[in-house]
Amino acid sequence: MIVNNLKIAWRNMVNNKLYSIIKIGGFAFSIAICILIMLYIRHETSYDKMYPNMNRVFRLIVSAPDGDKVRQTFAFPAPAAKTLQEEIPSVELAGRVLPNTLFGAGSNLFTVNGRAENYLDKGFVYADQSILEIFPLPVVQGQLSHALDKPNAIVITKSRAQKYFKGNAVGQTIYLNNNKNVLYNITAVIDDVPSNSSLYGYDYFISLAGEPFYPGEQNNWGATNYITYVKLKENADIANAQRSISKNYIQDHYILLNKKNGMKISPEMMQSTVLLQNALDMHLHSKNISEYGMATQCQGDIKMVWVFAGIAFFILLIACINFINLSTANAATRAKEIGIRKTIGSNRRTLIFQFMTEAICYSLISLLIGLLLAFLLLPVFNNLANKALFIPWTVWYFVPSLILSMLFIGILAGLYPALYLSGFQPINALKSKSVTNPKSSLLRNGLVIFQFATSIILMISALIANQQISFMLNKDIGFDKDQVIVLRGITGIASQAKELKNELKAIPTVSDVSIGDYLPVQLDGAKRNGNLFWAKGKEDLELGEGGQFWNIDESYLTTFGLKLIAGRNFDPHIASDSSGAIVNKRMLADLGIKGNPIGVQITNGMTWTIIGVVDDFIFESMKDEGYYPVCMTLANSPSMLSIKTKSTEMSKTLADINTVWNKFSPNQKIDYNFLDAGFADLYQDVQRTKNIFSCFAFVAIFVAALGLFGLATYVTQQRTKEIGVRKVLGASSIRLLKLLSGDFIKLVFVALIIATPVAWWAMNQWLRDFNYRIEINWFYFILAGLSAILVAFGTISYQTWKVVRANPVESLRDE
């Protein structure tokens, strides 16, 4: 029986090639997209699951009231981890990670001791030995135990060991940033950190067992620069542990030591608590936690996982709708077959089984083609999503789960057509009476509306996301990011930095050069330094205002086009400028400085006299506030150099810059980036969202159009004689085209009406994540609707025009 059903299914596929291609094509494309999205979701939800006992590992979060909001951060002071491990019985291990570029994490100039070549590399981070035990990775060379116990020890990944060393890297020594006084000893080589690990992006783990970064830093409870993890003992009560840790950190140490130091204790500080965030939740559930200056990669978002899962579901549903629509629409062509089979003894259950077999055949064939499409499209999807996904052919459950899924989808898609087709009365079918049910036409129309409504929602989302990214990239941010080239890794020639600057300024196409690594765009290696500031004399009266403290040179303002609105720029020939400061308007407002600010003193532990004020400029993501207080002082910070050019002939300018660079640093390859490109990188996640929505919208409208083409073909075939009669009676081709296409266009209009409020609500929710955002314009909805109408009209016009233009004699000949 099964073999017979398979033969009948194959015969029907071959005899109805057009419908078969549409059904299989729609299914295959949908399956391919679903596989890609499932790979993405699988990756996003697998973070840190490769490590053992992750249910007992937690990241510490400080939660404090901030006006009508709650501010959360994972920045902790240096002594917190050691103190918690010693004083909280339920803590088995505690460890710190320091990714802050201010202290040398991020990018560094890398030199193997005894070699002349310098390499600029990224992925440096400071860590405790306990971090390697909490997040253990296979060891390639050396021993993991005690690898970071000693000062100046460093553990590197396998890819870096293979890149810089031949043979065993353990025991080799390196130095960073041309500082030969501090040699780092490689104690172990570990496997590369997986892309679904919270430590992904790190390739050099430097021991925190060495000297403090500044005097007293390791005992300072007021400077919060570390990410702190704890591993609780087995069977520990998490709620009790959280209460104990919160009390120990907030009341017993942080507040107590601030009081001893004479610091004012704020109500917000008194209401602060420490939360334990499980390691398995860190990637997808940290959207509202400030990662200011602390993260090396974009955090995930559970909302996007749900959105992608929803898109996969709806795209697959559209393909199932195509199958249902075409199967029920094609009912008349199967009527005699069903009538004959029933007459010779087939019961309804047998017919249902046959039609379900056909649906499953379509589904499995579509699966094979969909897998091939997914394999071919995977590199494109990886580029869009910024992932390194792969199809897990060797995972035991992958292929069986796909087959089971396709069996389920085949049954789901084929169930209604099987019930519908098997319900025909044989006498009506054999007499060529109408076997179609008006309710089936209503259902088909509803399903077409659903298909196009889904497609229109995705098109509107892509249009609005594109407008938002365009708005952010083109907004006036208060400084000039265009035609600025940033050279990185100049620490190797720091003693010659001024000479390098002067020779670069002598290039005709260069207008200005600034030395410094506090950039208005947070490129890899750029620094941030958060401090508390007070107006001089108010230290004991006020809580202090948070702001940035940057070291710049006298060319900084002109290189980046910052607008000086009061006072003057730095002058290195004026001795008092070494204690001078240039602040932005936001700093004055936060400190309550009114009137003429020039000559007013401010303090962050050191006293600075304001000599200039610049207009506010955005130097953080526009997803957040963007504008923050900043105080700039005249000091040396020579790891980066920014070059403002005045020529569109960038290739010649770069060649001239490279010539000068090779003169000063022949053993180091030049490394540069464009400031505007770095600014655009800040919004890569938004750009990726827009691109992915665009691709999904294209797939959805393509699959929907396939189904519409099949329906249009069926409808025009059913109305061939009617069209012939109308033409004989004088109807014009244009009138007939409007008659045949009008019903379908009406369905798209209904879809637009349904999609509009849904898309408006969804994109308003998405835009709420941005502090600077566009207003949703009705133009996007009109454009998406017109696009859908054009796609629908273009889809059905070919088939309808072919029938309209046919000779009516051909269709009426058998009458």
Side-chain angles (χ1 to χ4, degrees), residues 101 476-491 493-494 496-529 548-574 577 580-584 611-620 628 630-650 652-654 656-658 660-661 664 670-682:
T101 56
D476 182 8
I477 53 177
F479 67 92
D480 187 3
K481 65 181 183 299
D482 297 324
Q483 292 187 301
V484 177
I485 301 168
V486 179
L487 299 188
R488 298 182 291 189
I490 69 168
T491 47
I493 50 173
Q496 300 174 280
K498 288 188 178 180
E499 290 83 356
L500 173 63
K501 174 180 177 178
N502 292 332
E503 290 217 21
L504 289 171
K505 285 184 71 173
I507 297 174
T509 53
V510 170
S511 60
D512 218 332
V513 179
S514 174
I515 300 172
D517 40 27
Y518 290 89
L519 303 182
V521 174
Q522 200 162 356
L523 299 177
D524 182 38
K527 292 181 179 177
R528 293 288 183 266
N529 186 9
Q548 282 292 300
F549 182 59
W550 293 359
N551 297 327
I552 67 171
D553 67 0
E554 70 280 4
S555 303
Y556 190 91
L557 302 189
T558 51
T559 299
F560 296 109
L562 296 182
K563 185 180 179 182
L564 194 66
I565 58 175
R568 61 176 177 83
N569 193 7
F570 289 118
D571 186 341
H573 300 103
I574 300 176
D577 276 11
I582 296 175
V583 299
N584 65 346
I611 65 168
V613 179
V614 295
D615 205 356
D616 287 335
F617 58 100
I618 295 175
F619 55 86
E620 294 299 337
Y628 290 94
V630 61
C631 171
M632 296 175 281
T633 62
L634 184 64
N636 198 26
S637 183
S639 69
M640 305 179 89
L641 183 147
S642 303
I643 306 166
K644 177 67 175 178
T645 67
K646 54 186 177 182
S647 171
T648 56
E649 297 181 15
M650 195 58 69
K652 184 179 185 308
T653 302
L654 288 172
D656 292 340
I657 292 171
N658 193 56
V660 173
W661 174 264
F664 282 85
I670 190 171
D671 187 289
Y672 65 86
N673 198 358
F674 291 95
L675 197 68
D676 55 354
F679 181 79
D681 286 345
L682 284 175

Straight-line distance of [X] [atom1] to [Y] [atom2], nearest 0.5 Å:
X	Y	atom1	atom2	answer
F679	L519	CZ	CG	13.5 Å
F664	E503	CZ	CD	4.0 Å
I670	I657	CD1	CD1	6.5 Å

Start with the C-alpha gap between Y672 and L654, add the side-chain angles, then the distance that decides, and say whether side chain to side chain contact (heavy atoms under 4.5 Å, CB included) holds. CA-CA 10 Å; Y672 65 86; L654 288 172; 3.7 Å; yes
Quick check: do [X] and [Y] have side-chain heavy atoms less than 4.5 Å from each other?
X	Y	result
E554	L634	yes
I493	W661	yes
L675	F560	yes
L641	I643	yes

Nearest non-hydrogen partners of [X] and [Y], listed with the distance:
X	Y	result
K646	S511	CD-CB, 4.1 Å
A677	N673	CB-OD1, 4.1 Å
G580	T633	O-CG2, 3.8 Å
Y518	K527	CD2-O, 3.5 Å
R568	I582	O-CD1, 3.9 Å

So, using side chain to side chain donor-acceptor pair (under 3.5 Å) as the criterion, who are the partners of [X] when residues are at least two apart?
X	answer
N658	none
W550	Q548
N636	none
D616	N584

Taking the six-membered ring for Trp, are F619 and F617 parallel (under 30°), tilted (30 to 60°) or perpendicular (over 60°)?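 F619 and F617: tilted rings.
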Under 3.5 Å: donor-acceptor pair, side chain of S639, backbone of T491: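 No; judged by distance alone, with no hydrogens or angles, the pair does not exist.
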Which residues share a salt bridge (charged side-chain N to carboxylate O under 4.0 Å, His left out) with K652, sequence neighbours left out: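 For K652, the residues satisfying salt bridge (charged side-chain N to carboxylate O under 4.0 Å, His left out) (neighbours in sequence not counted) are D656.
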Can you list the residues that meet the salt bridge (charged side-chain N to carboxylate O under 4.0 Å, His left out) rule with D615, with sequence neighbours excluded?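 Partners of D615 by the salt bridge (charged side-chain N to carboxylate O under 4.0 Å, His left out) criterion, ordered by chain and then number, come out as K585.
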Considering residues at least two apart in sequence or located in another chain, which fulfil the ring pair (Phe, Tyr, Trp, His ring centres under 6.0 Å) criterion with F570?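 With sequence neighbours excluded, F570 shows a ring pair (Phe, Tyr, Trp, His ring centres under 6.0 Å) to no residue whatsoever.
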Apply the test side chain to side chain contact (heavy atoms under 4.5 Å, CB included) to residues I574 and I611: give CA-CA distance (whole Å), side-chain angles for both, the deciding distance (0.1 Å), then the verdict. CA-CA 12 Å; I574 300 176; I611 65 168; over 6 Å; no
What salt bridge (Lys or Arg N to Asp or Glu O under 4.0 Å) pairs are there with at least one residue in residues 634-643, not counting sequence neighbours?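 Residue pairs passing salt bridge (Lys or Arg N to Asp or Glu O under 4.0 Å), neighbours aside: none found.
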T509 and T653: side-chain donor and acceptor closer than 3.5 Å?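 T509 vs T653: donor-acceptor pair found between side chains.
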Could you give the side-chain donor-acceptor pairs of residues 479-490 under 3.5 Å, partners two or more places apart or in another chain?
unit_1: D480; atom_1: OD1; unit_2: D482; atom_2: N; d: 3.1
unit_1: D480; atom_1: OD2; unit_2: K644; atom_2: NZ; d: 2.6
unit_1: K481; atom_1: NZ; unit_2: L473; atom_2: O; d: 3.4
unit_1: Q483; atom_1: NE2; unit_2: S647; atom_2: O; d: 2.8
unit_1: R488; atom_1: NE; unit_2: D671; atom_2: OD1; d: 2.9
unit_1: R488; atom_1: NH1; unit_2: D524; atom_2: O; d: 3.4
unit_1: R488; atom_1: NH2; unit_2: D671; atom_2: OD1; d: 2.9

For S555, which residues count as a side-chain contact (heavy atoms from CB on, under 4.5 Å) partner, sequence neighbours excluded?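 S555 satisfies side-chain contact (heavy atoms from CB on, under 4.5 Å) with K501, D512, S514, D553, T558, T559 only.
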